[in-house]
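Okay, so here's the structure we're looking at.
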Amino acid sequence: MSWFFISVFFLFLFCSCSNSSSTDSLDVFTRDVALKTLVQNRPHTGALYKAILPANLSGVEVFVVGLRSRRLWNRGAEKLCCFHIPSRTKPMPHVKRLALVYQDLGNLSSQFYHLPGYSFLTSVVGLLVYDATDTGSTSARRIGLSTMGKQISIQFPNQTLEERLISKSKCVLFAANGTVYLSDMRSPGVCNTNDQGHFSIVVPVKKKPLILRYSWVVAIVLGVLVAILGCYLGMVCMRHRKRKKFQVMEGQAEDDSVLENRWICGSKMPSGGVVRTQPVPENGFRHLASPDHFS
């Protein structure tokens with residue numbers, strides 16, 4: 001069985017690497033599309049623009065806004081879709097202009113992100129910050145944000161949580177380095193963070209009993225055992241019937257036999273009755289020998 005667990009381990013490792021690679025590729029692609037959208041629209045500072053994505057990403061939405069670092073420090077960013085960045089926030093390292101890219105992965109959230117033991121209650125949304133000082137650059141570097149101890153709030157759109165789920169729900173942050181953080185919600189449908197990344201609301205999945213998770217294995221084993229037992233019982237019944245039939249035939253043969261049976265040295269052998277026929281002379285008289293005949 002060791003080869004099975006080794007195969008599962010490498011499959012899990014491959015899936016994890018593939019998932020990380022796909023999210024990185026998505027971030028790079030949306031970054032390029034968002035910056036291209038800024039260049040094409042000659043944006044005004046603080047204006048929000050929606051990027052056009054290809055058909056294979058239908059359901060995903062990407063928005064971008066260009067800001068000066070001075071404005072971000074003075075006003076923050078209050079209308080960046082579901083994100084609210086407080087004032088007194090500065091880019092790290094310092095740049096003159098920055099681009100805030102907002103992602104909503106929609107129905108493709110589970111294809112790019114997964115959290116074992118939890119299910120998503122909302123789509124995964126992302127906030128990524130790039131250096132937009134040189135808008136003509138083919139690739140912009142990602143930079144960080146310093147909120148000076150304050151928190152960035154995330155109000156998930158069109159999200160109404162049921163009462164029974166509020167106490168179980170958690171905020172999840174998928175950081176850029178691959179680390180996953182879980183935290184409690186301060187209010188229904190609202191999460192807080194100090195950093196950029198991808199966010200969602202999750203709820204624990206009720207684990208199935210071990211016997212149910214491996215029910216197909218149990219069913220196969222029981223089926224094989226039932227088949228073996230059935231074959232064995234069938235063979236026993238056939239042998240019993242043959243033996244009984246043979247005994248009946250043997251009994252009939254004994255009843256029809258003229259000769260008697262006798263046991264000799266542990267073996268049953270046919271035996272006839274002893275009958276001696278006396279000799280009779282032709283004239284009907286017995287011939288008696290005279291004494292002289294023997295002298």
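What's counted below: heavy atoms across the whole structure, side chains too, no hydrogens, waters or symmetry copies. We number each residue from 1, following the sequence as shown.
A side-chain contact (heavy atoms from CB on, under 4.5 Å) with L98 is found for exactly one of L72, V65, D131, namely L72.
The nearest pair of heavy atoms linking A77 to L67 is CB-CD1, 4.2 Å. Closest approach of K90 to W73, counting heavy atoms only: CB-CE3, 4.0 Å. In terms of heavy-atom proximity, R141 sits nearest to P93 at NH1-CG, 3.8 Å. Closest approach of M148 to R88, counting heavy atoms only: CG-O, 3.0 Å. Heavy-atom minimum distance, S146 versus M92: CB-CG, 3.6 Å. The two residues M185 and S169 have their closest heavy-atom pair at CE-CB, 3.4 Å.
Heavy atoms from other residues, nucleotides or ligands lying under 6.0 Å from CZ of R68 number 12 at most. In the displayed structure, R70 atom CZ is contacted under 6.0 Å by at most 12 heavy atoms of other residues, nucleotides or ligands.
The closest donor-acceptor contact from the side chain of R31 to the backbone of A140 lies under 3.5 Å. Using modelled atom types, no side-chain atom of T122 and backbone atom of S200 make a donor-acceptor pair closer than 3.5 Å. A donor-acceptor distance shorter than 3.5 angstrom exists from the side chain of Q196 to the backbone of V129, with no hydrogens or angles considered.
In the hydrophobic cluster analysis, where Ile, Leu, Val, Met, Phe, Trp and Tyr join through side-chain heavy atoms closer than 4.5 angstrom, F29 is grouped together with L128. Clustering ILVMFWY residues whenever any of their side-chain heavy atoms sit less than 4.5 angstrom apart, transitively, puts V28 in a cluster other than the one holding V33. In the hydrophobic clustering of this structure, V190 does not group with Y102; members are Ile, Leu, Val, Met, Phe, Trp, Tyr whose side-chain heavy atoms approach within less than 4.5 Å, directly or through other members.
L127 has its side chain out of reach of T193: every pair of non-hydrogen atoms, C-beta onward, lies at least 4.5 Å apart. Annotation: side chain of F156 is in contact with side chain of C191 (closest heavy-atom distance under 4.5 Å). At a threshold of 4.5 Å between non-hydrogen side-chain atoms, the residues L100 and I85 count as touching. The side-chain heavy atoms of T37 and V62, taken from C-beta on, include no pair separated by under 4.5 Å. By the 4.5 Å heavy-atom criterion applied to side chains, V101 and D27 are not counted as neighbours. Side-chain contact between F199 and C82: absent, with no pair of heavy atoms (C-beta onward) separated by less than 4.5 Å. By the 4.5 Å heavy-atom criterion applied to side chains, H94 and I143 are not counted as neighbours. Contact annotation: the side chain of V124 never approaches that of F112 to less than 4.5 Å [non-hydrogen atoms, C-beta and beyond].
Checked by atom type, the side-chain pair Q155/H84 shows no donor-acceptor distance below 3.5 Å. Under 3.5 Å, the side chains of T89 and T147 contain no donor-acceptor pair of N or O atoms.
Here the CG atom belonging to L182 is positioned 9.0 Å from the SG atom belonging to C171, to the nearest 0.5 angstrom. Taken to the nearest 0.5 Å, the CZ atom of F120 stands 13.0 Å off from the CG atom of N107. N192 contributes atom CG, which lies 11.5 Å from atom CG of D184 (distance to the nearest 0.5 angstrom). The distance from atom OG of S110 to atom CG of L115, rounded to the nearest 0.5 Å, is 12.5 Å. With values rounded to the nearest 0.5 angstrom, R97 atom CZ is found 8.5 Å from T133 atom OG1. Interatomic distance, CD1 of I220 versus CG of L225, reported as 12.0 Å (0.5 Å rounding).
Sequence neighbours left out, the pairs with a member in residues 173-193 that pass ring-ring contact (aromatic ring centres under 6.0 Å, His included) are Y113-F174.
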Exercise. Mind running side-chain contact (heavy atoms from CB on, under 4.5 Å) on V172 and Y118 for me, showing each step along the way?
Key: CA-CA 10 Å; V172 58; Y118 292 84; over 6 Å; no
Exercise. Please step through side-chain contact (heavy atoms from CB on, under 4.5 Å) for the pair V236 and L233, ending with a clear verdict.
Key: CA-CA 5 Å; V236 171; L233 293 177; 5.5 Å; no
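The disulfide (SG to SG under 2.5 Å) search around C81 returns none, not counting sequence neighbours. The side-chain hydrogen bond (donor to acceptor under 3.5 Å, both in side chains) search around D104 returns S123, not counting sequence neighbours.
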